[in-house]
There are 2 protein chains.
Amino acid sequence: MKLSKKSEYGLRALIELASTHGKATLQRQEIAARQHIPIEFLEQILLMLKRAGLVSSRRGIKGGYALIKQPKDITLGQVIRILDGPLAPISCVSKTAYQKCNDCPYANKPRCPVQQAMGTVRDAIAGILDHYSLADFASGHRKG
Amino acid sequence: MKLSKKSEYGLRALIELASTHGKATLQRQEIAARQHIPIEFLEQILLMLKRAGLVSSRRGIKGGYALIKQPKDITLGQVIRILDGPLAPISCVSKTAYQKCNDCPYANKPRCPVQQAMGTVRDAIAGILDHYSLADFASGHRKG
DNA sequence: CACTTGTTGACAAACTTACTCGTATTTAAT
DNA sequence: ATTAAATACGAGTAAGTTTGTCAACAAGTG
């Protein structure tokens, strides 16, 4: 049930990008300095976010990163799924990356207790994170 | 955000123990066979649950394991905390295993966005798992 | 006693996490 | 065109976690 450093750094980096959204681009060293993130590691993270279509980048002098979408149109759920994979505690209850469990004695049975319980948990987590936008997030106000 | 095999096996083992609670004890090989759990690994898990005061054991022929408490008095939250550690996605929002974050630039600031968001998630997860009893669980009905 | 079962500690392979490094490649300024 | 500054990308890696296995020991039963 843990959030990786990768996701934590990714979210914190996006706060910075949200704060200058529409005004300027930010270089990785600026982001790294402001949020205390190891710079080479941050680079990987920004690259993943870029490949996923959340941020854009420019190389060369005057280069840097910027958000492509509006902060209100990016959710924490999206970000964490990109960086950490599915939100579901076990893959047989994931809606974005479902996988049948094979070794489970309840597989294909009408109800598996683990599936019922973890399905509820998944729905709760996704219910929060998929409705928590980067705008809400950067504002620092508790939501949900 | 993942449930370990240890917790999954632990929960499944407890379903078996709940099913014979008050009637009989179960040996690890019976539990392992019914739930398809590697027996030596299961042993470790049962031992952890024993040390935590959830199950009792008897050695020798006619030995085995049994629940100490009523299934309705054991929650999934308790079990998962024993086997996997805290439910919170990050330790600075854990109520049972709080740890101050040191490298975070928002440490000691009035509000840290990550803390706000993950606090909400933690409360949701704990809200479900701390009110989901082994009795609910073994019944196989969705709750919450 | 012999036999069965749980107890304990050590070990280990496979995987994941959290980075680091070297080398491109692109862009802008001189 | 050259150079400096920035991102892009692949590889590597040390440490930790997960998911087990194994062997020796302790205790209860007949």
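All chains are named by letter (A, B, ...) in the order of the sequence lines, taking the proteins before the strands, and each is independently numbered beginning at 1.
Taking the side-chain contact (heavy atoms from CB on, under 4.5 Å) definition, one finds that B/Ile68 meets it with B/Ser56, sequence neighbours left out. Applying the side-chain contact (heavy atoms from CB on, under 4.5 Å) rule to A/Gln70 yields the partners A/His21, A/Lys72, A/Asp73; only residues at least two apart in sequence or on another chain are considered. Residues meeting the ring pair (Phe, Tyr, Trp, His ring centres under 6.0 Å) test with B/Tyr132, sequence neighbours left out: none. Taking A/Lys69 as the reference, nothing meets the salt bridge (Lys or Arg N to Asp or Glu O under 4.0 Å) condition, with sequence neighbours excluded. The side chain to side chain donor-acceptor pair (under 3.5 Å) search around B/Gln27 returns none, not counting sequence neighbours. Applying the side chain to side chain donor-acceptor pair (under 3.5 Å) rule to A/Arg81 yields the partners A/Asp130; only residues at least two apart in sequence or on another chain are considered. Applying the side chain to side chain donor-acceptor pair (under 3.5 Å) criterion to A/Tyr9, with sequence neighbours excluded, gives no partner residue. With sequence neighbours excluded, the residues satisfying side-chain contact (heavy atoms from CB on, under 4.5 Å) with B/Leu47 are B/Lys50, B/Arg51.
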Protein-nucleotides 28-30 of chain D N/O pairs under 3.5 Å:
residue	atom	partner	partner atom	Å
D/dT29	OP1	B/Arg58	NH2	3.1

Considering only nitrogen or oxygen atoms on both sides, find all protein atoms under 3.5 Å from nucleotides 13-19 of chain D and state each distance.
residue	atom	partner	partner atom	Å
D/dT19	OP2	B/Lys5	N	3.0

Review item, side-chain donor-acceptor pairs of residues 85-104 of chain A, under 3.5 Å, at least two apart:
residue	atom	partner	partner atom	Å
A/Ser94	OG	A/Thr96	N	3.3
A/Ser94	OG	A/Ala97	N	2.8
A/Lys95	NZ	A/Asp123	OD1	3.4

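Chain A approaches DNA chain C over the interval C/dA18 to C/dA28, counting the first and last nucleotide 5' to 3' with an atom under 4.0 Å from its heavy atoms.
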